[in-house]
*Asks:* 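The structure is given below, and queries will be raised subsequently.
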Amino acid sequence: MTIQTLNAGMDTIWVVLTAAMIILMEGGFALLEAGFVRHKNNVNIIMKVFVDITIGALCFYFIGFGLMYGSDVLGMIGTSGFTLKGDLSHLDFTISLDTFWLFQAAFVIAVISIVSGAVAERINFRAYILYAVLMTAFIYPIGGHWVWGSGWLGNLGMMDFAGSAVIHALGGFSALAAAMFIGPRKGKYTSLGTSTIALPSNLPLASVGAFLLWFGWFGFNAGSTLSATDVKIGHIAVVTMLSAASGGAATLLYTLFRYKRSDAAAVINGSLAGLVGITAGCAFVSDEAAIFIGAVAGLLMLFATEWLDARKIDDPVGAFPVHGVSGIWGTIAVGLFSTDGGLFSSGSWELLGVQLLGLIVLCVWGFGMTWLGLSLIRLWIPVRSTEEEEEMGLDISYHGVMAAYQEHEFIRYEDQYDEIEKKVDRE
């Protein structure tokens, strides 16, 4: 066995394990969102996550991966690699193509799950399936190609190590567009313009979801090295931890001193905001910069949440503040704090300018294509659930079950319609 073969084997194991960690984050999304929404919509949240991981992975295999990583045309789109076939010789890694696809598929599943939370409790389930196809097959892969697939933004020098812009800002602005397009939940805002409070169904469940996401984020960031022997792995893991901790600490202390009590939901989302904020620069910034980035991300998340509420934009789980706003800050922070070309380390504005340009392009792309996609879907089927379905709860309306039962006996099934038909035939 040669050194090259051993190295390739170690890299493969590393990438597969970190990809599995990222896929486990879907469990985190499911628990976090289910805990934040009302009990009558818990199953619907989980089913949307299953849409993300099943439909999303298949769409990325058949279409998305080729558009994102195929042979580049004018820096805009990939044209090979659909179903992992065709010319992909430009992808020069120590790992196999299958291994690389698995890791990237885990990313695309995370993107669509961001949108899931913003439209919770009122989106038509069939419409969500169609939107998931658009996001995982076209919207995210094309935007991702511009930065990571030898596209024009990457060629300009945009730096986004694990996806603050490509995944979180794009996904966050897609979530904002979807929330605005569908409108707020029934009863969320009163005729006087005030906001009502929808209490989370299970905060301990949401916190477990956040811990799963935190765990998976080490795979998200450190796994993006695509190499088990990269010396930056330890540093990436440390700054990921520090930024998440400072994001949670900042929101904990802010709510404690402002409201005289520490807000649990805010601390959960503050930690996640810290994770989002460090994702772009985890390989490029110092420990001290990571702590600052995380703290600012947590506070920006709080202010963005208040901004949404003031404009009657209903985001039940805080998807836009956590992912969109923190993704913007994290991408800008690279231009400020990167040890390689950042404003504060080199005095040059070039990198910061490229980061800002990339952000504007990706956010407009995500927002605009989501609005267009939902408009097209609405021509075929309703995008929003009916008032009756929303009032009853999407669990019963779309899936015919509730999240939990206390009935200890078997439920007898009776087909009333069949009995009526037999009676009519006898008559």
Side-chain angles (χ1 to χ4, degrees), residues 19 22-23 25-26 29 47-88 91 97-98 100-119 123-151 153 163 165-175 177-178 181 319 323 361-381 383:
I22 300 170
I23 293 172
M25 292 172 72
E26 291 305 296
F29 277 115
M47 289 303 296
K48 285 193 296 177
V49 172
F50 270 103
V51 168
D52 302 341
I53 201 170
T54 56
I55 303 297
L58 291 172
C59 288
F60 191 66
Y61 175 78
F62 286 110
I63 302 173
F65 183 79
L67 294 177
M68 189 166 180
Y69 287 104
S71 299
D72 175 67
V73 174
L74 302 176
M76 297 302 294
I77 199 169
T79 57
S80 62
F82 305 102
T83 68
L84 301 184
K85 295 179 176 62
D87 181 19
L88 290 168
L91 298 178
L97 180 61
D98 289 337
F100 181 68
W101 178 87
L102 180 66
F103 190 81
Q104 296 304 324
F107 272 19
V108 75
I109 294 166
V111 174
I112 183 61
S113 294
I114 295 170
V115 183
S116 169
V119 295
I123 192 170
N124 184 310
F125 186 65
R126 292 175 178 83
Y128 182 79
I129 295 173
L130 294 177
Y131 175 74
V133 171
L134 290 176
M135 173 59 88
T136 56
F138 300 104
I139 299 175
Y140 166 74
I142 293 174
H145 178 81
W146 299 339
V147 181
W148 290 339
S150 302
L153 286 174
V166 176
I167 295 175
H168 297 286
L170 187 153
F173 273 82
S174 298
F181 187 92
H323 298 278
V361 169
L362 290 172
C363 293
V364 170
W365 172 256
F367 188 97
M369 292 306 296
T370 293
W371 197 280
L372 175 62
L374 292 175
S375 298
L376 294 175
I377 291 170
R378 189 167 60 181
L379 296 176
W380 185 19
I381 58 175
V383 172

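Everything numeric in this text was worked out from a predicted model, so none of it was measured.
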*Asks:* More than 12 heavy atoms of other residues, nucleotides or ligands under 6.0 Å from CG of L379: yes or no?
*Replies:*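 Buried by this count: over 12 neighbours within 6.0 Å.
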
*Asks:* Taking all atoms of both residues into account, what is the closest heavy-atom pair of I114 and G172, and its distance?
*Replies:*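 Smallest interatomic distance, heavy atoms only, reads CG2-N, 4.0 Å.
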
*Asks:* Could you grab the distance from atom CG of L130 to atom CZ of F125, nearest 0.5 Å is fine?
*Replies:*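 L130 CG to F125 CZ: 11.0 Å, rounded to 0.5 Å.
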
*Asks:* Nearest 0.5 Å, what's the CG-CH2 distance between L91 and W101?
*Replies:*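 Reported to 0.5 Å precision, the distance equals 14.5 Å.
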
*Asks:* Counting C-beta onward and ignoring hydrogens, is there a side-chain heavy-atom pair between I23 and I53 closer than 4.5 Å?
*Replies:*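 Touching, per the 4.5 Å side-chain cut-off.
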
*Asks:* Classify the angle between the aromatic ring planes of H168 and H323 as parallel (below 30°), tilted (30 to 60°) or perpendicular (above 60°).
*Replies:*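 Rings of H168 and H323: parallel, under 30°.
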
*Asks:* Using the ring of each side chain (for Trp, its six-membered ring), is F107 parallel, tilted or perpendicular to W148, with breaks at 30° and 60°?
*Replies:*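 F107 and W148: tilted rings.
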
*Asks:* Please assess L170 against M135 for the test side-chain contact (heavy atoms from CB on, under 4.5 Å), listing each intermediate value before the final yes or no.
*Replies:* CA-CA 10 Å; L170 187 153; M135 173 59 88; 4.3 Å; yes

*Asks:* Please report the interatomic distance NZ(K85) to CG(L97), rounded to the nearest 0.5 Å.
*Replies:*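 Going from the NZ atom of K85 to the CG atom of L97 covers 10.5 Å.
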
*Asks:* In sequence, state the C-alpha distance, the side-chain angles, and the governing distance for Y69 and H145, and then conclude on side-chain contact (heavy atoms from CB on, under 4.5 Å).
*Replies:* CA-CA 6 Å; Y69 287 104; H145 178 81; over 6 Å; no

*Asks:* Do D52 and I109 have side-chain heavy atoms sitting under 4.5 Å apart?
*Replies:*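 Side-chain contact under 4.5 Å: yes.
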
*Asks:* Specify the closest pair of heavy atoms between G171 and V115, including all atoms of both residues, with the distance to one decimal.
*Replies:*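 Residues G171 and V115, closest heavy atoms: O-CG2, 3.9 Å.
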
*Asks:* So, does S80 use its side chain to make a donor-acceptor pair with the main chain of L88 at under 3.5 Å?
*Replies:*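 Pair absent, no side-chain N/O of S80 close to backbone of L88.
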
*Asks:* Any chance you could measure I123, atom CD1, to I377, atom CD1, to the nearest 0.5 Å?
*Replies:*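 Result: 7.5 Å between the selected atoms.
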
*Asks:* Should T136 and V111 be marked as a side-chain contact (heavy atoms from CB on, under 4.5 Å) after you check the CA-CA gap, both sets of side-chain angles, and the distance that decides it?
*Replies:* CA-CA 8 Å; T136 56; V111 174; over 6 Å; no

*Asks:* Any chance you could measure Q104, atom CD, to I22, atom CD1, to the nearest 0.5 Å?
*Replies:*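 Going from the CD atom of Q104 to the CD1 atom of I22 covers 8.5 Å.
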
*Asks:* Taking only distance into account, with no hydrogens and no angle test, what donor-acceptor pairs under 3.5 Å do side-chain atoms of residues 362-371 form with protein atoms, sequence neighbours excluded?
*Replies:*
from: W365; atom 1: NE1; to: I139; atom 2: O; distance (Å): 2.8
from: T370; atom 1: OG1; to: Y131; atom 2: OH; distance (Å): 2.8
from: T370; atom 1: OG1; to: S174; atom 2: OG; distance (Å): 3.3
from: T370; atom 1: OG1; to: G366; atom 2: O; distance (Å): 2.8

*Asks:* May I ask you to test the V166-Y140 pair for a side-chain heavy-atom distance under 4.5 Å?
*Replies:*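 Yes; the side chains approach each other to less than 4.5 Å.
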
*Asks:* Can you give me the closest heavy-atom contact between A132 and I112, atom names plus distance?
*Replies:*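 Here A132 and I112 meet closest at CA-CD1, 3.8 Å.
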
*Asks:* Report yes if the side chains of C59 and F138 come closer than 4.5 Å at any heavy-atom pair, otherwise no.
*Replies:*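 C59 vs F138: side chains apart.
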
*Asks:* Decide side-chain contact (heavy atoms from CB on, under 4.5 Å) for I77 and L67; before the verdict, give the C-alpha distance in whole Å, the side-chain angles of both, and the deciding distance to 0.1 Å.
*Replies:* CA-CA 6 Å; I77 199 169; L67 294 177; 3.6 Å; yes

*Asks:* Ignoring hydrogens, what is the shortest heavy-atom contact between S116 and Y128? Give both atom names and the distance.
*Replies:*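 Here S116 and Y128 meet closest at CB-OH, 3.2 Å.
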
*Asks:* What distance separates F65 CZ from F82 CZ, expressed to the nearest 0.5 Å?
*Replies:*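 Atom-to-atom, F65:CZ and F82:CZ are 10.5 Å apart.
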
*Asks:* With no hydrogens and no angle check, is any side-chain donor or acceptor of S71 less than 3.5 Å from a backbone partner on D87?
*Replies:*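 Side chain of S71 to backbone of D87, a donor-acceptor pair under 3.5 Å: yes, one is there.
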
